[in-house]
Amino acid sequence: MADRIRVALFFGGRSSEHAISCATAGGVLGAMDPERYDVVLVGITHDGAMTLRAHDEVAAFSLDELPELSDNGTRVRLPESAVTRELTVEFTAETDGTVRSLGQVDVAFPILHGPFGEDGTIQGAFELVGLPYVGNGVLASALGMDKHVTKTMLEGAGIAVAPWATVTRNDLARHPDLWRRRIEGLGLPAFVKPARAGSSVGVSRVTDWAQLDAALETAFAEDSRVLVEQGVAGRELECAVLEGRDGEPPRVSVAGEIAITGREFYDFDAKYRGAEGVELICPADLGEQELGRMQAIAARAFEAIGGSGLARVDFFFTGAEFVVNEINTMPGFTPISMFPSCWLASGMSYPELIDELIALGRAAVR
Ligand SMILES: Nc1ncnc2c1ncn2[C@@H]1O[C@H](COP(=O)(O)OP(=O)(O)O)[C@@H](O)[C@H]1O
Ligand SMILES: [Mg+2]
């Protein structure tokens, strides 16, 4: 089986989405055909240690138990230069202190969400040693992570985004009246959110300006820059994007919908704690012409950030206009997540999707 593809799967990580990433790794591993793939499992702990994990351990991960990777005394090392793709593992002093080869790998597959995984940092580490990898490159990952920069790029590409203002604590301290005016000019309801976070962490809906200071504090706890955004009344729809093969244009799935009934917005509890009042529907009920418009915007947004591999583009649909909320460069990827569900509804199964992403990663020219 010399022609099996060797894939190094990176999961876990330092961000608050560690457990989600581990659950995704379990799903991805389970869907990878062992006849085709030989998988090296690199679990990144909360402290950022790259550890070698066993197949059985990872295959058992699921969202129900919110897995956490403990330090098992191993350290996986990236290739030592760009002339080799050999990974090694060091068994630390507490174990036996030896270093062993893990062999050459063909491609790295980082299924990490949030800071230190989805933001261009690990992608930069792969670039440094010339290791091919799945998904977005350094720049697209970094700017997709930052809501202010993403919106600025999209606006520049002529894509509608919700009006917003971005502030730091210093801005507010130096020119309080100016910023107060700009923020209140956005109208109510408003959404206050950290520039770089995810999973709705630090996001508040403000319906009265008396709530603004508390909402700003909640967001500043997550990031030094905070967006205040005009609330958009409309449906929340998402499209999954895959890079085109051989220079073809991006491929865009049918739309999925986050149908919110009993809640104010799509918050953390609805995303991960299975709280009531939110339903994921795929495909969304949308006319052919509307879907076509949405898909064209999703493809343009992907190209505007210089995307490669994959992305999920999130929209509000007002009934007249498609407003882009954000782009996720490593969207939730468990077998029941929106990204694979959208592809399944478009005719591509979960294992096929993984094959496709790996093929794109091996061929990527970024
Ligand atoms: N401008 C807005 N108008 C209406 N709802 C919003 C707006 N911004 C955020 N929301 C709601 O808050 C949720 C989380 O905000 P989002 O910007 O997507 O952050 P995250 O990166 O954490 O997913 C959205 O899914 C949506 O329900
Ligand atoms: Mg979101």
To the nearest 0.5 Å, what is the distance between CD1 on I354 and CE on M348? 11.5 Å
Given 3.5 Å as the limit, does a donor-acceptor pair link the side chain of E127 with the main chain of V138, or not? no
Which atom names give the shortest non-hydrogen contact between A160 and F322, and what distance separates them? CB-O, 3.7 Å
To the nearest 0.5 Å, tell me how far L143 CG sits from T152 OG1. 10.0 Å
Does a donor on one side chain sit under 3.5 Å from an acceptor on the other, for Y37 and D355? yes
Any side-chain donor-acceptor pair under 3.5 Å between S308 and R366? yes
Take D3 and R36 through the salt bridge (Lys or Arg N to Asp or Glu O under 4.0 Å) test and state the conclusion after the steps. CA-CA 8 Å; D3 54 357; R36 282 193 73 180; over 6 Å; no
Distance-only, no hydrogens or angles: does the S141 side chain make a donor-acceptor pair with backbone N or O of D119 under 3.5 Å? no
Could you tell me the separation between the OG atom of S346 and the CZ atom of R251, rounded to the nearest 0.5 Å? 11.5 Å
Is it true that T74 and N72 share a donor-acceptor pair across their side chains at a distance under 3.5 Å? yes
Closest heavy-atom pair, L78 versus L87, reported as atoms and distance to 0.1 Å, is CA-CD2, 3.9 Å
I44 and F116: CA distance, side-chain angles, deciding distance, side chain to side chain contact (heavy atoms under 4.5 Å, CB included) verdict: CA-CA 10 Å; I44 303 178; F116 315 112; over 6 Å; no
Check ion pair E184-R180 (N to O, under 4.0 angstrom): yes
Are V76 and L102 packed together at the side-chain level, in the sense that at least one heavy-atom pair is separated by less than 4.5 angstrom? yes
Considering residues, nucleotides and ligands other than N170, do more than 12 of their heavy atoms fall under 6.0 Å from its CG? yes
Lys/Arg-Asp/Glu bridge criterion (N-O < 4.0 Å) met for D106, R6: no
Counting only heavy atoms not in L66, do more than 12 sit closer than 6.0 Å to its CG atom? yes
Test item: L29 and V39 side chains (from C-beta on) under 4.5 Å apart, heavy atoms: yes
Within one Ile-Leu-Val-Met-Phe-Trp-Tyr cluster: I111 and I5, side-chain cutoff 4.5 Å: yes
Could you state the interatomic distance from CZ (R300) to CD1 (I305), rounded to the nearest 0.5 Å? 14.0 Å
What I want to find out is whether D267 reaches K271 closely enough, with some N-O distance under 4.0 Å, to be called a salt bridge. no
Interatomic distance, E118 atom CD to N328 atom CG [nearest 0.5 angstrom]: 5.5 Å
Is N136 reaching over with its side chain to a backbone N or O of T329, donor-acceptor style, under 3.5 angstrom? yes
When you check the gap from the basic side-chain N to the acidic O, do R4 and E35 get nearer than 4.0 Å? no
In this structure, is the centre-to-centre distance between the rings of F191 and F265 below 6.0 Å? yes
Donor-acceptor pair, side chain of T84 and main chain of P79, under 3.5 angstrom: no
So does V206 get a backbone contact from the side chain of S204, meaning a donor-acceptor N/O pair under 3.5 Å? no
Please confirm whether F333 and F11 have ring centers closer than 6.0 angstrom. no
Check against side chain to side chain contact (heavy atoms under 4.5 Å, CB included), L242 and L353: CA-CA 9 Å; L242 273 178; L353 186 56; 3.9 Å; yes
Determine, using the 4.5 Å side-chain heavy-atom cutoff (strictly less than), whether L357 and V241 are members of one ILVMFWY cluster. no
Cationic tip of R100 above F91 ring, under 6.0 Å, 45° of axis: yes
To the nearest 0.5 Å, atom CG of L128 lies from atom OG of S81 at 12.0 Å
Any ion pair linking E321 and R293 (charged N to carboxylate O, less than 4.0 Å)? no
For a quick test of reading the model, state the closest non-hydrogen atom pair linking A301 to V313 and the distance between them. CB-CG1, 4.3 Å
Is it true that a side-chain atom of E326 and a backbone atom of D314 form a donor plus acceptor pair closer than 3.5 Å? no
Heavy-atom side-chain contact between L310 and F302 under 4.5 Å: no
Is a salt bridge present between E356 and R245, judged by a nitrogen-to-oxygen distance below 4.0 Å? yes
Sub-4.5 Å side-chain heavy-atom contact between I20 and H113: yes
I'd like to know if the side chain of S21 and the backbone of G12 have a donor-acceptor N/O pair within less than 3.5 Å. yes
With a 4.5 Å heavy-atom cut-off, do L286 and L237 have their side chains touching? yes
For the student: nearest non-hydrogen atoms of P67 and S62, plus distance: CD-O, 3.3 Å
What is the ring orientation for W164 with H148, classed by angle as parallel under 30°, tilted 30 to 60°, or perpendicular over 60°? perpendicular
When you group the ILVMFWY residues by side-chain heavy-atom contacts below 4.5 Å and let the links chain together, are I358 and L344 in the same group? no
Using the side chain to side chain contact (heavy atoms under 4.5 Å, CB included) rule, take L216 and V226 through it: C-alpha gap first, then chi angles, then the decisive distance, then the call. CA-CA 7 Å; L216 288 169; V226 165; 3.9 Å; yes
Heavy-atom closest pair (L41 atom, H55 atom, distance to 0.1 Å) is CD1-CA, 3.6 Å
So, are R263 and E276 salt-bridged, with charged N and O less than 4.0 Å apart? no
Quick one: do K193 and D223 make a salt bridge, cutoff under 4.0 Å? no
Could you walk me through whether F316 and V324 satisfy the side chain to side chain contact (heavy atoms under 4.5 Å, CB included) test, starting with their C-alpha distance in whole Å, then the side-chain angles of each, then the deciding distance to 0.1 Å, before giving a yes or no? CA-CA 6 Å; F316 302 114; V324 173; over 6 Å; no
Should V7 and D38 count as side-chain neighbours, where that means a heavy-atom distance under 4.5 Å? no
May I ask you to test the N325-E229 pair for a side-chain heavy-atom distance under 4.5 Å? yes
Shortest non-hydrogen separation from L188 to T207 and the atoms involved: CD1-O, 3.5 Å
Side-chain touch E257/E236, heavy atoms, less than 4.5 angstrom: no
Hydrophobic cluster membership, with links at side-chain heavy-atom distances under 4.5 Å among I/L/V/M/F/W/Y: are F220 and L212 in one? yes
Between M338 and L112, is there shared hydrophobic-cluster membership here, with clusters defined by ILVMFWY side-chain heavy atoms closer than 4.5 Å? no
If we ignore hydrogens and angles and just use 3.5 Å, is the side chain of S199 paired with the main-chain N or O of V201 as donor and acceptor? no
Treating S341 as the side-chain partner and C282 as the backbone partner, does any N or O pair qualify as donor plus acceptor under 3.5 Å? no
Just by modelled atom types, is the G117 backbone N or O under 3.5 Å from a matching donor or acceptor in the Q123 side chain? yes
